[in-house]
Amino acid sequence: MSRPVRVRIAPSPTGEPHVGTAYIALFNLAFAKKNGGKFILRIEDTDQERSRPEWERQIMEGLRWLGLLWDEGPDVGGPYGPYRQSERAEIHKQHAERLVEQGHAYRCFCTKERLDALRAEQKAQKLNPGYDRHCRDLDAATIQANLSAQKEFVIRMKMPTEGQTTVHDLLRGEVQFENGGVDDQVLLKSDGYATYHLANVVDDHLMEITHVIRAEEWINSTPKHILLYQMFGWEAPVWIHMPLLRNADKSKISKRKNPVSILDYKQRGFYPPAVLNYLAMLGWTMPDGRELFSFQEFVDNFSFDRMHLGGPTFDMEKFTWLNGKYYREKLSDEDLVQDFREQLFSADYLRKIVPLVRERINKGEDFIPATDYFFSGDVTLDVEAMKPKKKTYKELVAAFEPYTERIDAQVDFSASALEAWTRAFTEELGFSGKELFPAIRIAISGREASPPLFDTMSALGRALVRRRLRSALAALKAAATEENKRLQKEASEAKKLADAAAKASKETPADPSAVQATLAAMVEPVAVPEGPDKKGR
RNA sequence: GGCCCCAUCGUCUAGCGGUCCAGGACGGCGGCCUCUCACGCCGCAGACCGGAGUUCGAGUCUCCGUGGGGUCACCA
């Protein structure tokens with residue numbers, strides 16, 4: 001008799017809710033609904049370095065916004081809790097110990113330094129990287145000595161060195177792996193927390209997960225998971241590895257090439273059912289080929305048979321078209337009024353904006369023109385105005401790029417936190433606030449004057465700020481390229497001039513003023529780049 | 001690089017051996033509708049990665065290439 005279907009998603013709270021998480025969640029939920037099963041949310045926060053409660057909150061917010069609701073999870077509870085792995089650390093530890101006792105795992109005392117050196121050596125010799133199993137067969141005395149010396153250790157899995165492990169993937173059939181090619185994975189880190197491999201197996205078993213539906217990037221570690229199930233003597237779930245969402249260049253979808261946070265789409269005013277509809281049609285098709293369908297219709301017709309395994313490109317253009325289709329065909333005027341009111345002009349959002357502009361306007365009709373950049377997507381940029389007088393575009397890019405990069409890691413998006421962080425970071429980048437802040441202001445608002453920068457950023461929110469910083473960065477890079485071309489041209493012209501002057505000075509006795517002029521020609525355009533620049537475009 | 005996955009129009013895909021001179025959608029182009037724009041409608045261009053094999057017959061099955069992707073952490 002088969003067990004009731006239970007599936008889960010296991011996001012790691014190390015960043016904003018990812019569109020890939022939503023994609024996998026959607027198929028898990030559909031499968032659960034189709035089979036009358038349960039859908040579980042489990043937070044995989046065993047990475048103490050990077051996990052943040054704030055990200056966990058946002059992941060839940062993003063999934064909830066889309067209507068991808070879980071039956072059991074850290075917030076709603078359930079009979080198999082706790083649903084946050086950090087709270088299950090003791091369980092994981094016990095299981096790791098059990099494997100050690102049974103001889104399926106061992107303590108490894110190798111230091112980070114040793115492992116790094118090992119990897120470097122392997123790389124130098126063009127060998128396959130991997131742990132050399134140095135601690136696999138330590139004698140009891142040595143282990144005891146290390147333990148008494150309080151040496152830090154991890155627990156590693158003792159992989160068989162022979163034979164194969166077959167993954168029976170529902171989508172891909174039998175996938176074979178040589179056990180010898182699989183590393184002795186770390187199961188328990190020296191901080192006492194489990195790695196993904198241990199935690200996901202133990203928790204999936206304890207939570208009675210029947211089907212593991214996850215992204216294809218996991219398929220290579222599935223043999224380890226299967227072996228773990230065997231070592232514990234447990235029944236493994238059914239494996240289903242979904243294709244990976246891609247950028248336009250076919251690489252795994254990433255934030256540098258696509259808006260990747262669910263909250264980006266929320267902020268852009270996409271309509272949740274349209275988002276689900278679009279995600280569902282990446283790799284999956286309705287039996288009758290319909291492209292417009294509801295989540296319920298998706299569930300009713302769902303089957304993994306209809307999955308296409310090539311990694312689909314996330315195409316903003318088609319996605320946008322589909323969203324428009326919902327506006328035109330699925331939503332009434334009243335629906336749109338509601339949606340706009342909740343998403344675009346929510347009281348929460350207006351409450352952030354009004355305090356920033358009330359001193360700057362005198363009557364209601366001034367509000368929209370004064371705040372248009374709070375309600376639109378991209379903004380028109382005056383790239384020239386962004387450049388500090390004494391810096392080049394290249395230098396500005398060199399500061400803007402890391403700034404843009406690190407905004408994603410900025411957990412606290414309050415004005416004061418942004419200000420403290422930005423000021424420190426600006427200094428680190430070798431810029432003064434006077435130089436960098438105006439550029440940021442223009443990037444995020446399209447204006448040279450706005451309410452206080454950090455209040456404005458905080459109110460705009462991470463999604464919009466990131467988006468505008470990225471597009472400003474692209475514009476600056478283009479300007480830097482132009483600038484570079486111009487400088488090279490000027491340098492070559494200066495060289496010509498110098499050559500001519502040198503030639504002239506050979507023919508006639510040295511003329512100090514000619515040399516002066518030549519030197520000036522060589523130096524000046526570089527020192528004052530904005531001079532000849534402006535009329536050039 | 002080793003291992004693993006994948007492979008039909010630019011993109012998302014239909015196709016589960018004959019009904020495919022390969023169908024639909026986005027995008028592109030042209031037209032119609034129309035006070036404008038948009039929507040909508042009509043039409044056009046556009047693909048089976050290559051080579052062997054199996055078969056009476058291959059986009060569909062097998063193998064080998066090629067290409068793309070993933071993965072090789074005390075991250076998930």
(request) Just compare B:C3, B:G69, B:U13 and give me whichever is closest to any side-chain atom of A:T285. (result)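 So the side chain of A:T285 is nearest to B:U13.
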(message) So, applying ring-ring contact (aromatic ring centres under 6.0 Å, His included) with A:F270, which one of A:Y265, A:Y327, A:Y326 is it?
(response)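 Exactly one option meets the ring-ring contact (aromatic ring centres under 6.0 Å, His included) with A:F270, and it is A:Y265.
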(request) Please say which of A:F304, A:Y278, A:F27, A:F298 ends up in a ring-ring contact (aromatic ring centres under 6.0 Å, His included) with A:W284. (result)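 The option that passes is A:F298.
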When the distance from [atom1] of [X] to [atom2] of [N] is rounded to whole Å, what number comes out?
{"X": "A:L309", "N": "B:A14", "atom1": "CG", "atom2": "C1'", "result": "15 Å"}
{"X": "A:H308", "N": "B:G24", "atom1": "NE2", "atom2": "P", "result": "18 Å"}
{"X": "A:Q125", "N": "B:G2", "atom1": "CD", "atom2": "C1'", "result": "16 Å"}
{"X": "A:R306", "N": "B:G15", "atom1": "CZ", "atom2": "C1'", "result": "10 Å"}
{"X": "A:R172", "N": "B:G70", "atom1": "CZ", "atom2": "P", "result": "13 Å"}
{"X": "A:N323", "N": "B:A38", "atom1": "CG", "atom2": "P", "result": "19 Å"}
{"X": "A:L245", "N": "B:G70", "atom1": "CG", "atom2": "P", "result": "13 Å"}
{"X": "A:I253", "N": "B:G70", "atom1": "CD1", "atom2": "P", "result": "12 Å"}

(request) Using heavy atoms to find the nearest nucleotide of RNA chain B for A:S251 and A:T313 separately, return the residue whose nucleotide is more 5′. (result)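 Here A:T313 is the residue nearer the 5' end.
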Classify the nucleic acid contact of [X] as base, sugar-phosphate or nothing, counting any heavy atom under 4.0 Å across all strands shown.
{"X": "A:G324", "result": "nothing"}
{"X": "A:K126", "result": "nothing"}
{"X": "A:E178", "result": "nothing"}
{"X": "A:G310", "result": "sugar-phosphate"}

Does [N] pair with anything, Watson-Crick or G-U wobble, both distances under 3.5 Å, and if so, with which nucleotide?
{"N": "B:U62", "answer": "B:A52"}
{"N": "B:C35", "answer": "none"}
{"N": "B:C16", "answer": "none"}
{"N": "B:C21", "answer": "none"}
{"N": "B:C3", "answer": "B:G70"}
{"N": "B:G28", "answer": "B:C44"}

Using atom [atom1] of each nucleotide, how far apart are [N] and [M] to the nearest Å?
{"N": "B:G40", "M": "B:U34", "atom1": "C1'", "result": "11 Å"}
{"N": "B:C35", "M": "B:A14", "atom1": "P", "result": "43 Å"}
{"N": "B:C39", "M": "B:C29", "atom1": "P", "result": "13 Å"}
{"N": "B:C4", "M": "B:A45", "atom1": "C1'", "result": "39 Å"}
{"N": "B:C6", "M": "B:U62", "atom1": "P", "result": "11 Å"}
{"N": "B:C16", "M": "B:G28", "atom1": "P", "result": "32 Å"}
{"N": "B:G30", "M": "B:A22", "atom1": "P", "result": "25 Å"}
{"N": "B:C32", "M": "B:C37", "atom1": "P", "result": "12 Å"}

Whether the side chain of [X] engages the backbone of [Y] through a donor-acceptor N/O pair (distance < 3.5 Å, no angle test) should be reported.
{"X": "A:D339", "Y": "A:D335", "result": "no"}
{"X": "A:K255", "Y": "A:H18", "result": "no"}
{"X": "A:K38", "Y": "A:V7", "result": "no"}

Cationic N near anionic O, under 4.0 Å, [X] to [Y]:
{"X": "A:K189", "Y": "A:E49", "answer": "no"}
{"X": "A:D264", "Y": "A:R467", "answer": "no"}
{"X": "A:R64", "Y": "A:E61", "answer": "no"}
{"X": "A:E291", "Y": "A:K325", "answer": "no"}

(message) Using the rule salt bridge (charged side-chain N to carboxylate O under 4.0 Å, His left out), only one of A:R256, A:R462, A:R470 pairs with A:D408; which is it?
(response)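 That would be A:R470; it is the only one of A:R256, A:R462, A:R470 passing the salt bridge (charged side-chain N to carboxylate O under 4.0 Å, His left out) with A:D408.
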Return all side-chain donor-acceptor pairs below 3.5 angstrom for residues 119-130 of chain A, not counting sequence neighbours, or 'none' if the list is empty.
unit_1: A:E121; atom_1: OE2; unit_2: A:Q125; atom_2: NE2; d: 2.4
unit_1: A:Q122; atom_1: OE1; unit_2: A:G130; atom_2: N; d: 3.1
unit_1: A:Q122; atom_1: NE2; unit_2: A:G130; atom_2: O; d: 2.7

Protein-nucleotides 25-28 of chain B N/O pairs closer than 3.5 Å?
unit_1: B:A25; atom_1: O4'; unit_2: A:E291; atom_2: OE1; d: 3.1
unit_1: B:A25; atom_1: O2'; unit_2: A:E291; atom_2: OE1; d: 2.4
unit_1: B:A25; atom_1: N3; unit_2: A:K318; atom_2: NZ; d: 2.9

(request) Assign a letter to each nucleotide of nucleotides 71-76 of chain B from its 5' end: B, base within under 4.0 Å of a protein heavy atom; S, sugar-phosphate only; -, no contact. (result) SSSBBB
(request) Establish, yes or no, whether the cationic atom of A:R6 lies under 6.0 Å from the six-membered ring centre of A:Y80 and within 45° of the ring axis. (result)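 Relative to the ring axis of A:Y80, which defines the angle, A:R6 lies inside both limits.
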